[in-house]
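A short write-up of the structure that comes next.
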Amino acid sequence: MPSMRRKCGLNHLRGALVLLLASTKALAQTTTSSATASTAASTTSIYISYSTGTATSETTPTSAPFPPVGSIPRDYSPSGLENIWSLVGTVTAPPFTTTPVPTASVILPSPPPPLYPTWYAPEPSAIFPNYKLPKGFKFGVATAAYQVEGAVKNEGKGPSVWDWASRQPDAIVDNSTADITDLHYFLYKEDAARMAALGVNAHSFSISWARIYPFGAADSPVNQAGLSHYSDVIDYHWSLGIEPVVTLFHWDTPLALVAYYGGFTSSQIVDDFVNYAKTVFQAYNGRVNTWYTFNEPRVYCSELGGYPFNTSFAPGINASTAPYQCYYNLLNAHAGAVKAFRAMGISGEIAFKNDDFVGQPWRANSTEDVEAVERHAAFQIGVFSNPVYTTGDWPEIVKETIPESYLPRFTEQQMQDLLGSADFFAIDSYRSMLIAAPPNGIASCMSNMSDPLWPACNSIEFYDSNAGWALGPSADPQEDSWLEATPQTLRYSLQQLHERWPTNKMYISEFGFAEPYEAERKDMFRITEDSTRTNYYMTYLGEALQSIYEDGIPLMGTFSWSIVDNAEWSSGFSTRFGIQYVNYTTLERTYKRSALALSEFFMAHLQ
Ligand code: NOJ
C-alpha cells in the first residue's frame, strides 16, 4: 500500500471553511456560523468564510469487535438508534446544517488553450463534428451518497456499513472518514448549479437507504426528513434542467441490518430492500424517469468476503461463501423491487449497473485464453446479467464451477421473476483489458478451490503479450491495479455487451479516471490541468460516437464519474476522480480542464 497521504484528507478541517454562496443575506438566513465575504476568481458568486470552531474529521478508528450477529435487539427507539451508532463511534458534525440557496449564476472560467496542437489532437467540439448525439442523449455526471453527501448523522440518518467500515483500523488508506467529504447533502444546490453551468442534463446519484429507514427494516419507522430531502434534491435538479437519475443502493447497507442478520448474506434482506424500494418509488413516482436498483453488485458482494466486512459475518457465513450468498440475495432483491415497480405502475425505466468488461484474449494463439475470456465474461457480467437479460439463471460456467453450498440455485419462480427484470443495459465502462488463462491451466484451477484464481480461473493483463506495452496510460498509482485508459477497446466492448445481453437502450452509467498523482499536486494550475483525464474523456467519447454511428450501438447517455472529487472507498481522499477539484478545508469547488472539455464536447454534439 502506498504511504498514507494526509494532505487531502479531512484532517485539516479546522479553522476557516470557505463555501461558495450567493449572498451574505443567504448566509445570515441559513447558517449559524460567523462569516466574512470575499470574491473568487472563477465565478461571479461570493465565497463566504466560515469559522467552524470544533469541526474536524480526525478519526480514531474504533477497534471494538463487531458484536455477534443477532445479539443486538431490534429496538426502533431513538436510544435503539444510538445503540447502533455506538458500533460506529464518534462522528464529526458538519460545519453548517442548512442548504444555502445560490442566487447568482455560476460563470465558467474562460476556456483553456488547446491541450495539444490541433494537428495532433482536435479540440472537443471538433471530434467527429458531423456525428451528433441522438436526441434525448444524457450528458450525465454521477455521484453516490456515501462518497459525496457527508452529514452522516444529520436529520435522522442511521449508520451505514461504510460509516462503520471507514473506522476500522487500516481500512482506509489515509485514515479518513466520509463524515463530511463534499457535504453535498447540504451543498446540493451549489453542485447542481455548477452542473447546469456546464450544460449537464442528467445527474445519477444514489439515495442512502439509512436516511429513509435508519434501521433499514421493513417494520421499522420511516424517516420523513430523509424522504423530504431527496424530494427537494429531485425538484431542484429539474428546476435547473437536470434530470435526476436515481440509484437505490450504492453499497451503503444500513448497519442495523448487518447487526440483526448479516445484511446481504441473509435472505432476510430481500423483503427489507423491496419495502425500502417501494417507499422510494411511491415518494418520487413521476419525478424520476431512470432508476437503478443496485450499483455494481459484483463489486459490493466481493467486498463482503474481505476486511473489514469479514469481521461481521453471521453464523454459517464465511469469507468463501459470503460473496455468493450476497449474489443470490441481491438478485432476488432486485427482482422483487422491479416486480413491485411494475405492479405499482411506476413510470420510467429500471435496471441495475453492471461493472467491468468482456475482454479479449491476451495471447493471440491461445485457445485457453479464448476460454478464459468466456470465463471472465461469465463471472464478471453474466453472473448478474444472464439471470436478468437472457436466461433467468446463473451462467453454465458459473454453475459448473461453484457448488450449490456456496452459490444457491434459483427456484423456477425466482427465475421467472428475474428474467426480463430490466428495461435497458447499463455498464460502468471504465476500461477493458486482456484476459489470460491461469498459468497452471483452467481445468486444474477449476478443480482446486484453494487456487488463488478460483472460481473465475482467469487473470487480467494490463500489457500486451509481445513487447510488454501497456494498453494505455496508467491511472494514479493508488488505482493502477485496475485502471488504465483504454479508449481503443470501447467499441469492441460495447459490441460484446450488446451482442451478449441485447437491449434497445444502453447507458455508460459511469466512466472516469484518477489523474496520476493529482492528490499530491499543490498548485491550483497543476490540479486543474488534468490532461490525462481530459484525454481519457475525449478519446472515449470519440469512440462512443463511432459506436453509435458505425456499430449501431443504442447508446443514449454517458455519466462521468464524478462531478466532484470524493471519498474513494478504501482509498479515501488519496485518489481524485472529480472533474471538479474540491478543497476539503474550504469545501470550495473548482472546475478542472476535463469539466470544460466535456462541456465543449457535449455542447457541440447534443441536439
Ligand atoms: C465505480 C463505483 O460505482 C464508484 O463508487 C467508484 O468510486 C468508481 N467506480 C471509481 O472507483
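Every number for a ligand or one of its atoms is a count from 1 in the order of the listing. Since we're looking at a predicted model, the values are computed, not measured.
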Has ligand 1 got any nitrogen or oxygen that is less than 3.5 angstrom from a nitrogen or oxygen of Asn295?
-> yes
Using a strict cut-off of 4.0 Å, indicate which atoms of ligand 1 neighbour a heavy atom of His250.
-> 2 (C), 3 (O), 4 (C), 5 (O)
When distances are taken from atom 8 (C) of ligand 1, the protein heavy atom at minimum range is Tyr430 OH, 3.3 Å
Charged N to carboxylate O below 4.0 Å: is that the case for Lys592 and Glu515?
-> no
Would you say ligand 1 has an N or O under 3.5 Å from any N or O of Asn566?
-> no
Taking only non-hydrogen atoms of Trp482 and a 4.0 Å limit, the atoms of ligand 1 in range are 11 (O)
Using a strict cut-off of less than 4.0 Å between a Lys/Arg side-chain nitrogen and an Asp/Glu carboxylate oxygen, indicate whether Glu190 and Arg589 qualify as a salt bridge.
-> no
Sub-6.0 Å ring centroid separation between Phe309 and Trp162 | yes
Are Arg576 and Asp530 close enough for a salt bridge, meaning some N to O gap below 4.0 Å?
-> no
Is Trp251 in polar range of ligand 1, meaning some N or O pair under 3.5 Å apart?
-> no
With Asp428, which residues qualify under side-chain contact (heavy atoms from CB on, under 4.5 Å), at least two apart?
-> Asn295, Glu296, Lys353, Tyr430, Ser509, Glu510
Report yes if Glu479 has an N/O atom closer than 3.5 Å to an N/O atom of ligand 1; otherwise report no.
-> no
side-chain contact (heavy atoms from CB on, under 4.5 Å), paired with Phe384, selected from Asp355, Leu418, Leu330 | Leu330
Can you check whether Phe424 and Tyr292 have ring centres sitting under 6.0 Å from each other?
-> yes
Which bit of Phe511 is near ligand 1, meaning a heavy atom under 4.0 Å away: side chain, backbone, both or neither?
-> neither
When the ring centroid of Tyr389 is compared with that of Phe425, is the distance short of 6.0 Å?
-> yes
Considering only the protein, which heavy-atom contact is closest to atom 7 (O) of ligand 1, and what is its distance?
-> Glu568 OE1, 2.6 Å
Considering only the protein, which heavy-atom contact is closest to atom 1 (C) of ligand 1, and what is its distance?
-> Glu510 OE1, 2.8 Å
Looking only at N/O atoms, are Lys353 and ligand 1 under 3.5 Å apart anywhere?
-> no
